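Okay, so here's the structure we're looking at.
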Amino acid sequence: MATGWDAFISYSHAQSDGTAIALQRGLERFARPWRQRRAIRVFRDNTALSTNPALWTAIEQGLGSARQLIVLLSPAAAASEYVDQEVAWWLQHKGAGSVLLVQDDGRLAWDDDASAFTADSDVPSCLRTAFAEEPRWLDLRWLRDAPAGTADPRFNEALADLSAPIRAVPRDELIGEDLKQHRRVRLLSRAAITVLSLLLVTAVVATVIAVRQRDEVLRQSVTLRSRQLAGIATGLLPTDLRNAQLMAVQAYQTEASAITRQTLLTAAGASPAVQYVVPFDVAISSLGVGSSVVAVGLQDGRVFTVGLNRGDLPLLRFTAPATVTALRANADGGTLVVQAGADVWVVAAAGSRKLDVVADDTIEAIALSPSGRRVAVLTGADVRAIEVFDAGTGKRLISRADPLGPKPNEALVYPYQTSRLALLDDYRLRLVSSDAHWLTLDLATGGASRVGDTDWVPMSAVYAPSARVDWLIRAPIGGEHEVRAFSTARAGSGQRAVRSAAVQVADPLAMAISPNGHRLLISDAQGGVSAAATLDAAGNGFAGWFPATPIDGLGAAAAIEFVSNQRAVVASRGDLAVLDFGSPGRDLASAPLGRRRLAVVAEYAQDPRSSALAVSPDGASVAVFDNEQSRLELRAVPGRPGRSLDAVELPIDGAVGSGYGPLWLADNTVLVLDPAGGPAPVDVPDGVRVWRLGLIDDDDEAVERPVAAQARGDGRVLIATSTGRVQTREAPSGRLLAETNPLVEGFGFETGAFSADGRYLALLDSTRSYGDSGTPSLRVLDVTTNEVVHQQPWSRGNDRDDLAFAGSTLLVARADGAVDVMPDAGRGPSARLTTTGTRTSTGSVQRTPPVVGAGGLVGFPGRGGLQLFDLTTLQPVVTLAPAPVLQGEPVAYAFSGDGSLLLSGYFGVSDATAVLTFRDLEVGGIVRQLCLDAGGSVSGQDWVRLVGDDLPDELACR
């Protein structure tokens, strides 16, 4: 550490403090090499001295170690005792030769004659005669008033004057060195700034790259998580509908993508018979049903009742000490009978009561009368007995031997399910044994009636009575796949099946049949739950009879019960699923349509009238036109101020099936086209128009008919006919504005379609061509020029293929399921999609043209429902199956203009099957509905089991 000082500044604090500070800093920095902290060391008491009890001693040490003394002269310095003392010490010990004078203020003059400063000069007294000749001093009085202060160039000149003697370097060299160091510092500063700027830019770029990489990693992790959840949802759909729905919602909420939207739509359309799910936190072990309530027994012994209205909350009624093994409820659910092992309880509004059943007895079955006043218990140990109790008091009323129990010394058969019994009323009991015998027992007299049985076939079939014991179900476990149902209300030996259904069974867990016997539910350990409509003994079913339909999402259910002919409940693990086979589908709004008379073929029903749907421009009304019967209906879209009109027959004078419609005009009126000539009819409902096109007359045997029409935004309507003629008419008057010549004669083209903008027209003749010498063909016209822009031969067949435009992409759907995708009005490279098609196993075909939605979504009707595809990727999105009650019914589809609604018109023979349904395709609505259907959010236990990590903070359905 340096201990010497290059200069010592002596000054008056009262007057020259600012000048002293400026000089100290300036001298230390003047011509300073860039590697050094300061050029010289300058002693100034306020900076060089610390707190010290011996002030003069410290100053004296500073004076002693300094080489030069700088004295700031001013009136205050001349009067200062300390300045005079410091200067006197210096003169005594080091002499006047190393004293540098700086005039900071006051007056300073030299008297040559006296060789001293004049008497009026402001100098310390000891300095007045210290110099033998006039010294050179530095005048800094200007510094006090200089606007630029130390930035004034004169200050650098003053520093050079002082630094030269202190550093023993010529003044001009010091000035040059200062300039050199200044330039060097400036260059170094610029270099440093450049380097720092480059480093800053590099850091910014690196930060941006790092942020982007982080964001990309986060985005990829989000994408991977969403796809993981979507994959889990898809994998759960066959066995666990509730968690599949929740995972689908979670996947979409994690990242909205084509994949997660597809999963969401699939979950929304899966298992339309399942109306909603009520979740429980442990597995369901047994069910009991009333007319409007379901009793649910859990493995932990708790018993709940749940209303059959969506949103009804489970009500805890009782807790048994063990797993609930059997459960019965009376009609209103007010009274329950609960079995847990060998104990039986009656649970009512007043509380619970344990019945006096012998503890060593084995409980085979329990029953509760519809009134809730009687309880029957079938016990079995060495001897089977039927005990009847008063439900209110618990008193044993009757005890009788089981008339269908095993006889003494008779070998016991191994039953698939234990014997079942049901109280028909307070005094009659129906009993079914394990070997397919049944009877009705009068509890008062012990008399038996309605005694019957069927052939019991061990090891090849299993039997299960219905919960009401009104049916006995036999399911084959061998190579057969026909499940049969026997009515226990019939008497006689060797009964034949009353109803039957085609169901493939491997390992049945539970079976149930509706009270009227028309619908069957079977839970198989391998195939899950299936539903089937049954045939009667003569082999007659209702229209649209199908083999068993799997109900995805329920897995292998342990308990199934019918509540009514149309409603059932299924217990799958901890989920209670409520099924409705008479509903058009889960979460679908609907409107009734007029009933139809249908032509029925095996496994399929056809609507020969080729009905079509169209949605009004304002999206509030739907028109349904039956071309064969010239019948028009209007229905309002639920929640929108649309119009409704019951079916009316319009005055179409052309040949049967030669009309065309419905078509909506811009003023929300419905247009139907009639190929005949003459004035427009006036006897049509308000808001409906019929245009007569003048294509045929009374003497014309050939029928030229409209095959396509397009309402344009300019108030004009384009109409294409079966000959390829294009008419342009004015709306709403129908006045003919222009007409082109026919392309062919006679019937010509069967099917046509305009593009949405009306520029292109596609015409197809796939089965016949009257009056045209060429082969059947597909042609695409540019309507603006009337030129054929694409033409190709089309294979002749018996099927009617259908056309639609998606933008400028032409879609041609064949009955066998092949779909040709032809971009740019057929001029681009074509691709092919594969769908299920509309042809059935018997060869029957229903006309089902493609329907085009929004955002590249297009639907192709098939045997299993409507298959939605994404035309941008040519990938399937989802198949929307109809509800069981609508399977096999003739159907037509349409999208609303904005693509937010999918409409399905079913043309059945009953109120249940003649219906128009509305499916909301808006994602937000689907998410809300799925959360409501699932009855809450996914549990932490299920999340860990399915996903494998901790439950996230953000749950989509919370």
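Computed from a predicted model, the values in this text were never measured in an experiment.
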Verify the neighbour count for atom CG of Asp950: are there more than 12 heavy atoms of other residues, nucleotides or ligands below 6.0 Å?
no
Are the side chains of Tyr252 and Arg261 in touch, meaning some heavy atoms are under 4.5 Å apart?
yes
Mind listing the closest non-hydrogen atom pair of Asp920 and Ile926 along with its distance?
O-CG1, 3.4 Å
Within the 4.5 Å heavy-atom criterion, are Leu315 and Arg317 side-chain neighbours or not?
yes
Just wondering, do Arg430 and Asp470 contact through their side chains at under 4.5 Å, heavy atoms?
yes
Any chance you could measure Ser369, atom OG, to Leu423, atom CG, to the nearest 0.5 Å?
5.5 Å
Take a 6.0 Å sphere around CZ of Arg225 and say whether it holds more than 12 heavy atoms from other residues, nucleotides or ligands.
yes
Would you say Arg396 has more than 12 foreign heavy atoms packed within less than 6.0 Å of its CZ?
yes
Could you go through the side-chain contact (heavy atoms from CB on, under 4.5 Å) check for Ile363 and Val377 one step at a time?
CA-CA 7 Å; Ile363 306 298; Val377 179; 3.8 Å; yes
State, yes or no, whether a side-chain contact exists between Ile560 and Met511 at a heavy-atom distance under 4.5 Å.
no
Hey, does the side chain of Thr323 reach the backbone of Gln299 with a donor-acceptor pair shorter than 3.5 angstrom?
yes
Closest contact, heavy atoms only, Val293 versus Leu308:
N-CD1, 4.0 Å
Is there a donor-acceptor pair closer than 3.5 Å between any side-chain N or O of Asp942 and the backbone N or O of Ser939?
no
Would you compute the distance between atom CZ of Arg242 and atom SG of Cys957 and round it to the nearest 0.5 angstrom?
9.0 Å
I need the minimum non-hydrogen distance between Glu387 and Ser399, along with the two atoms involved.
CG-OG, 3.9 Å
Using atom types as modelled and distance alone, determine if a side-chain donor or acceptor of Asp425 lies under 3.5 Å from a backbone N or O of Arg428.
yes
CA sep, side-chain torsions, deciding dist, call: Val222, Thr254, side-chain contact (heavy atoms from CB on, under 4.5 Å)
CA-CA 7 Å; Val222 169; Thr254 300; 3.9 Å; yes
Could you tell me whether the side chain of Val278 reaches within less than 4.5 Å of the side chain of Tyr276, counting heavy atoms only?
yes
Ser371 versus Asp426, side-chain donor and acceptor atoms under 3.5 Å:
yes
Do Leu429 and Arg374 make a side-chain contact, defined as non-hydrogen atoms from C-beta onward lying under 4.5 Å apart?
no
I'd like to know if the side chain of Trp438 reaches the main chain of Trp471, judged simply by a donor and an acceptor atom lying under 3.5 Å from each other, with no hydrogens or angles considered.
no
Verdict with supporting geometry, Arg586 and Leu241, side-chain contact (heavy atoms from CB on, under 4.5 Å):
CA-CA 13 Å; Arg586 182 176 66 252; Leu241 179 62; 4.1 Å; yes
Answer yes or no: are there more than 12 heavy-atom neighbours, outside Arg310 itself, under 6.0 Å from its atom CZ?
yes
Would you say Val469 and Leu421 make side-chain contact, with heavy atoms under 4.5 Å?
no
When you measure from the side chain of Arg420 to the backbone N and O of Val432, does any donor-acceptor pair fall under 3.5 Å?
no
How long is the gap from CG on Asp453 to CG on Asp435, to the nearest 0.5 Å?
8.5 Å
If you measure from CG on Asp575 to CG on Leu554, what distance do you get to the nearest 0.5 Å?
9.0 Å
Could you list the donor-acceptor pairs under 3.5 angstrom formed by side chains in residues 268-275, with sequence neighbours left out?
unit_1	atom_1	unit_2	atom_2	d
Ser271	OG	Asp552	N	3.1
Ser271	OG	Asp552	O	2.3
Gln275	NE2	Pro272	O	3.4

Are side-chain heavy atoms of Leu441 and Leu431 found at a separation under 4.5 Å?
no
Over all heavy atoms of both residues, which pair between Leu246 and Ala934 is shortest? Give the atoms and the distance, please.
CD2-CB, 3.6 Å
If I compare all heavy atoms of Leu237 with all of Ala267, which pair ends up nearest, and what's the gap?
CD2-CA, 4.1 Å
Kindly say whether Gly297 contributes a backbone atom to a donor-acceptor pair with the side chain of Ser285 at under 3.5 angstrom?
yes
From Leu535 CG over to His518 NE2, what is the distance, rounded to the nearest 0.5 angstrom?
10.0 Å
Counting only heavy atoms not in Glu922, do more than 12 fall under 6.0 Å of its CD?
yes
Sidechain N-carboxylate O distance under 4.0 Å for Arg353, Asp390:
no
Gap separating the CZ atom of Arg328 from the OG atom of Ser286, nearest 0.5 angstrom
8.5 Å
For Ala510 and Ala557, work out which heavy atoms get closest and say how close.
CB-O, 4.2 Å
Would you confirm whether Thr263, through its side chain, and Ala248, through its main-chain N or O, come within 3.5 Å as a donor-acceptor pair?
no
Taking the side chain from Ser291 and the backbone from Ala331, do they hold a donor-acceptor pair closer than 3.5 Å?
yes
Could you give me the CA-CA distance, side-chain angles and deciding distance for Arg519 and Asn565, then say whether side-chain contact (heavy atoms from CB on, under 4.5 Å) is met?
CA-CA 8 Å; Arg519 193 170 302 278; Asn565 289 328; over 6 Å; no
